[in-house]
Amino acid sequence: MIDIVKTTPYDDQKMGTAGLRRKSQVVSQPNYFENFVQSIFNVINPTGKTYVIGGDGRFYNEIAIQKLIKMAAANGVKKLIVGQNGYLSTPASSNIILKNHTDGGFVLTASHNPGGPNGDFGIKFATETGGQCSNTISNKIFEQTQNITEYKILRIDDIKLDTLGIQKIGDMTLEVIDPIKDYVLMMQNIFDFSAIKKLFANGFTMCFDAMNAVTGPYAIEIFENILGATRGSVRNSTPKPDFGGLHPDPNLVYAKDLVDIMFSDNAPDFGAANDGDGDRNMILGKKFFVSPSDNLAILTDNYALIPGYKNGIYGVAKSMATSTAVARVAEAHKIGYYEVPTGWKYFVNLMDSKRITFCGEESFGAGSSHIREKDGIWAVLFWLNILAVTGKSVEQITREHWQKYNRSYYLRFDFDGIPTDIANDLMQNLEQKLPSLNNTIHGSFKIRLAEVFTYNDPVDNSSTTNGIRILMEDGSRIVFRLSGTSSSGATLRVYLEKLEKNNLNATPRDMVDELLKIAMEIAEIEKRTGKKQADIIT
Ligand code: G1P
Ligand code: ZN
């Protein structure tokens, strides 16, 4: 029986950089999740359509997925494809949307944010492109959330999601699928699995940290079962609702255990971690860290070593805040190059129109047009493939890269928990100052151009502004933007890049120090926020 439930709007349901992301306690308020889902259905008209659903297994995933299934059935959805037990990584979901030509999908995740009753929960909505919906759609959904008066739900017992196969939920078909199988097939079609198998057979060692999140079972299957990495190469491999208390963000701060292993004297040859929903990656060698911006540049430079790309790639794109390392690679290879606002959705049009094959962000995300999301395990396999074919180490590959292309020393400084009005004022004040900054000298830097970044999408001609960039005459940069994923308050992100041609062995922190001082000063960070230093540096 379909229940029509009366409800009233919540005013905070606007999607950010990656869907709707809020505290678990906010999402579990009465009708909060239902309002948001019904608003999506009101916009997309789901009658007769097919969607993919799954999540990263975090707290509230189990409850939310039941609600979503019952609401889909009540709203006339023809078929749902759901990962067994409600699990699907973000990249696996994108693959299933594309492979089955479905009308879109829902991933229940707050990505790399902590989970649990005091952590975060979130919902990403993808269209038939396999990528997250555009701003136009998310604005329409927000409008619906502000006017919602009722939602539809099927009044039935909870549905069992542990057995593979097809069942009927009212008039709707529900297919429970293996969340891993299709993903593995896709990876086997891109990478040289036999070369990587040989690498492991010859004693190569790795440590993959799944951070108690969704990629554990994918990683065990691919790295240990198929490729032959020693048992135990994958750590924290069982997904847990609170990620075992970990903050499942693969960076030097939150993946500290892995970093300690990789910087110890008996470190394995290769280390990597993924985030909560499996779209982010961090790459490490023995006592060596590859910055995400360098990662994108190195993968792009080595595309020809990978079977799936050996016939050439269209081009590459990065988020504006990401370092310019990949721009120099694109120039050398004479391939297309694009800079977009932060958020994976901006890459989708470029991939669909065959302008790019690869894309990436400084925030530990890289991917290619095999799907329409970033892909953590893809990046790890890409490195394993490079290492298997070249016989070189991670450090060797990276150092040779710097020698060839110069080095962009790069760090991101996050100032967290700023009251929203103070953060907005800071950005506004900085924006007003921009014209007066052009051609001014600050220590050893001269500002060539200070501007609000504007992206004109070459495909749909939409125009989006995102952050402020200060470009120095020597190729160095300072970028300021406010996060679009914080679940409470505002986070100011300051991205610093120092381009260096000769001094290739310094530490990034030393190299960006002068830029940090300039950034603090021109944005009046301490005066406005009271913060003398960043909360997190990645
Ligand atoms: C952050 C990252 C961005 C990424 C997004 C979703 O967004 O900076 O690169 O696409 O998470 O993973 P932000 O909080 O900066 O808006
Ligand atoms: Zn993620």
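Just follow the structure's listing: the first ligand is 1, and inside any ligand the first atom is 1. Each residue takes its place number in the sequence, starting with 1.
The name of the N, O or S atom in Asp275 nearest to the Zn ion (ligand 2) is OD2. Shortest distance from the Zn ion (ligand 2) to Asp277 is reached at OD1 (N/O/S atoms only). For the Zn ion (ligand 2), the nearest N, O or S atom contributed by Asp279 is named OD1.
Of the listed residues (Asp275, Asp375, Asn295), just one forms a side chain to side chain donor-acceptor pair (under 3.5 Å) with Asn281, and that residue is Asn295. Considering Val82, Thr102, Leu98 in turn, Thr102 is the only one that fulfils the side-chain contact (heavy atoms from CB on, under 4.5 Å) rule with Val52. Of the residues Tyr337, Phe382, Tyr338, the one that meets the ring pair (Phe, Tyr, Trp, His ring centres under 6.0 Å) test with Phe358 is Phe382.
Distances below 4.0 Å separate heavy atoms of Ala18 from the following atoms of ligand 1: 6 (C). Atoms of ligand 1 lying under 4.0 Å from any heavy atom of Ser363, numbered from 1 in the order shown and given with element: 2 (C), 3 (C), 4 (C), 8 (O), 9 (O). Atoms of ligand 1 found under 4.0 Å from any heavy atom of Lys374 (numbered from 1 in listed order, with element): 4 (C), 6 (C), 10 (O), 12 (O). Against a heavy-atom cut-off of under 4.0 Å, Arg481 is close to the following atoms of ligand 1: 13 (P), 15 (O), 16 (O).
Taking only nitrogen or oxygen atoms, main chain and side chain alike, His112 does not reach within less than 3.5 Å of ligand 1.
Residue contact annotation: Lys345 has no non-hydrogen atom under 4.0 Å from ligand 1.
Taking CD from Gln533 and CG from Leu516, the interatomic distance works out to 9.5 Å, rounded to the nearest 0.5 Å. A distance of 6.0 Å separates CG in Asn466 from CE in Met320, rounded to the nearest 0.5 Å.
Note on Thr90: not counted as a metal contact of the Zn ion (ligand 2), no N/O/S atom lying under 2.8 Å.
For Phe121 and Phe59, the ring centers are positioned 6.0 Å apart or more.
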